[in-house]
Amino acid sequence: MAVFLGELVLNNDVKVLVARTVGSSLISIMRYGDMSSREAALKSLNQISSDESSAKILIEAGILPPLVKDLFFVGANQLPMKLKEVSATILANIVNTGYDFDSVPVGSEHQTLVSEDIVHNFLHLISNTGPAIECKLLQVLFGLTSSPTTVFNVVSAIKSSAATISLVQFIEAPQKDLRVASIKLLRNLSPHMGQELARCLRGTSGQLGSLIKVISENTGITEEQAAAVGLVADLPERDRGLTRQMLDEGAFQLAISRIVSIRQGETRGNRFVTPYLEGLVKVLSRITFVLNDEPNAVSLCREQNVAALFIELLQTNGLDNVQMVSAMALENLSQESKNLTKLPEIPKPGFCVSIFPCLSKPPVITGLCKVHRGTCSLRDTFCLLEGQAVDKLVALLDHTNEKVVEASLAAVCTLLDDGVDIEQGVHELCEAEGIKPILLVLLEKRTETLRRRAVWAVERLLRTEEISFEVSGDPNVSTALVDAFQHGDYRTRQIAERALKHVDRIPNFSGVFPNTG
C-alpha cells in the first residue's frame, strides 16, 4: 500500500487526507521497517510533504526525529544515498512550511533543527555528499534562515563551524539547482554575516565575478538573479576593497543598464522584478559611499549621470526601498558637492588698487551656485539644486514609511550643513516649501532617529531671523524642542538648547551646556 501511495498522483486535499489517516503509520514504517518498506514509506511521505498543510500534520505526527536520524546515521542498516536524498527532500519540503522549528525536538538530548550540533551535521553532509543531497540540505538551511525566530541560531552555528567559505564556493557549482540553492541561502545570511561573506568574495577566487555574471544574464528576471543581486546589495556598503573590486568588474555599469532597462519597460516583468530592481538600486548606491577617496567612483558617477538616475528613482511610488536607498545615495552625492564645486578665480587687484584700496570694487561673478558658492551642475558636482531634486525630497517628508522620511530628511539637510551657505540653503528650502514639512517631522516624533535629525535641521532653520520670529509664535514647536532638550541624547539636547535660544524660549536653561558649534 505504501508503494501504491507513492506512485499515485494526489491533489493537495487528498495529501491532507492521507497525512491525517496514515501519516503516523508511514512514519512508523520509515522508523522500524526493513529497507524495502522504508523506501516505500519515504517515497509516499515525499509526495505528501510537498503540500504545506499535510507537511504540518506530519510534523505533529513526529516525522522529524526519525527523518533527521536517517540522514545522519552511519553504520549497519543505514539508508543508501539515494534514499538519503529522498529524506533530504522531505526535510526541505517540511522546513519551508514556516513552522516553529525551535520548539520541535529532533534528537535524544532535546536538540532542535537549529541546535548547533544539528546544524554542524547538516554542514558536514553538505560538504561530503553528492550534488543532489547537497542541494536539498542547502534548501533546508534556506528555509531555517527564512524565519526570524531561527535565523540567528543557524548564523551562529555557521560561524562557529567556519563553514562560510565552503558555502560560498557553491556559487560556482556547475549544477544550476545547487547554485541557486546556495545563492538563496547566502542571500538570507548576508544581512547577518556581511563582513564574513565580503571577505570570502573579495580577491581572485572568482565568486564575486560569478555573482555578477548571474545578475547580468539577459533571460528575463529569474529567482536566481533576484537572490544574487540581493546578496551583493546587503554586503557592507563601506567595504571599500569590495567596492573597488566591483568597480573593476563593471558591476555598477551593469546595475545602471539593468535599472534603465526596467524603467523603460525593456526587461520583462514578473514576480521577481521588484526584488531585482531593489537590489540593483542598492548595489549602485554603494558607489556613493567611496566618493571622497576614490576618483574612479567620481568619474563613473559623472560619466553615467548617476545623480540624475537617483533623482528619477525618488519618484518610484510604491517601492519604498527604492525611494529610501535613492535618497541615501543623493545624501552622499550632495555631501560631495561642496568639495567638487569649482570656486571662482578672483582676479588680482591692479597696481593702483593695491596702493589705494578705496578705489576697488568687488568683482561681480554670475552663474554661481548660491549654496555651494561655486560653479555647480548635476552631472559634475551632484548639486541637488541644479538637479531640481529639493522639491522631490521635500515631497517624501510625509511618506508613511519612516525609513523613507529619514533618508529624505538627511538628503535635504546637506543644504544646511557646515561648509555651505546655510542662509541660502534655508532660502532654497523656503522656495521648495520645505520648512513646514521639516517642522512637522519634529512634531510627529515618529522615531528617535527622525527626532534627532529634525532637531538638528530646525536649529539651522531658526538661525534665519524671519523663520525664528514666525516659529516663536507656535507653542507646539517650542514644546517639541523642550521635549527633545529634556529627553534626547547628549548631542540632541545641546542642539535643542541652541534652537530654543533662537526663539527666546529658554531663559532658565541657558548655560547648561558648553558653547560648542
>> Tell me every residue that passes side-chain contact (heavy atoms from CB on, under 4.5 Å) with Ser146, counting only those two or more places apart in sequence or in another chain.
In response: Phe142, Asn188
> So how far is it from Glu223 CD to Ile183 CD1, rounded to the nearest 0.5 Å?
Replying inline: 10.5 Å
> Do you know the tightest heavy-atom contact between Glu331 and Ala411?
Replying inline: CB-CA, 3.8 Å
> Considering all heavy atoms of both residues, which atom of Leu378 and which atom of Gly387 are nearest to each other, and what is their separation?
Replying inline: CD2-CA, 3.7 Å
> Taking atom types as modelled, is there a side-chain donor on Thr464 or Glu423 under 3.5 Å from an acceptor on the other?
Replying inline: no
> Does the side chain to side chain contact (heavy atoms under 4.5 Å, CB included) test come out yes or no for Val322 and Ser326, once each step is laid out?
Replying inline: CA-CA 6 Å; Val322 171; Ser326 298; 4.1 Å; yes
> Are Thr149 and Ser147 close enough that a side-chain donor and a side-chain acceptor fall under 3.5 Å?
Replying inline: yes
> When you check the side-chain N and O atoms of His120 and Ser160, is any donor under 3.5 Å from an acceptor?
Replying inline: yes
> Any side-chain heavy atom of His372 within less than 4.5 Å of one from Cys383?
Replying inline: yes
> Taking all atoms of both residues into account, what is the closest heavy-atom pair of Leu113 and Val119, and its distance?
Replying inline: O-CG2, 3.6 Å
>> I'd like to know whether Asn401 forms a side chain to side chain contact (heavy atoms under 4.5 Å, CB included) with Met324, so could you lay out the CA-CA distance, the side-chain angles of the two residues, the decisive distance to 0.1 Å, and finally the verdict.
In response: CA-CA 9 Å; Asn401 187 325; Met324 176 189 70; 5.8 Å; no
> Does atom NZ of Lys159 have more than 12 heavy-atom neighbours from other groups under 6.0 Å away?
Replying inline: yes
> Between Lys56 and Glu52, does a salt bridge (charged side-chain N to carboxylate O under 4.0 Å, His left out) hold up when you go through it step by step?
Replying inline: CA-CA 6 Å; Lys56 288 180 178 178; Glu52 184 175 321; 3.4 Å; yes
> Knowing that exactly one of Val283, Leu280, Ile215 qualifies, which makes a side-chain contact (heavy atoms from CB on, under 4.5 Å) with Arg258?
Replying inline: Leu280
>> I'd like to know whether Leu277 forms a side chain to side chain contact (heavy atoms under 4.5 Å, CB included) with Val229, so could you lay out the CA-CA distance, the side-chain angles of the two residues, the decisive distance to 0.1 Å, and finally the verdict.
In response: CA-CA 9 Å; Leu277 177 60; Val229 77; over 6 Å; no
>> Could you check whether any side-chain N or O of Thr447 sits under 3.5 Å from a backbone N or O of Leu450, counting only pairs where one atom can act as donor and the other as acceptor?
In response: yes
> Which heavy-atom pair separates Asp380 from Arg302 by the least distance, and what is that distance?
Replying inline: O-NE, 2.8 Å
>> Does Leu313 form a side chain to side chain contact (heavy atoms under 4.5 Å, CB included) with Arg263? I'd like the steps, not just the answer.
In response: CA-CA 9 Å; Leu313 290 167; Arg263 297 281 294 165; 3.9 Å; yes
>> Are the side chains of Phe101 and Ile59 in contact, using a 4.5 Å heavy-atom criterion?
In response: yes
> Are side-chain N/O atoms of Thr243 and Arg286 paired as donor and acceptor at under 3.5 Å?
Replying inline: yes
>> Evaluate Lys436 against Asp398 for salt bridge (charged side-chain N to carboxylate O under 4.0 Å, His left out), listing each step before the verdict.
In response: CA-CA 11 Å; Lys436 185 177 179 181; Asp398 66 350; over 6 Å; no
>> Within the 3.5 Å criterion, strictly below it, is a donor on Asp489 or Thr492 matched to an acceptor on the partner's side chain?
In response: yes
> What are the two closest non-hydrogen atoms of Cys301 and Leu333, and how far apart are they?
Replying inline: SG-CD2, 4.4 Å
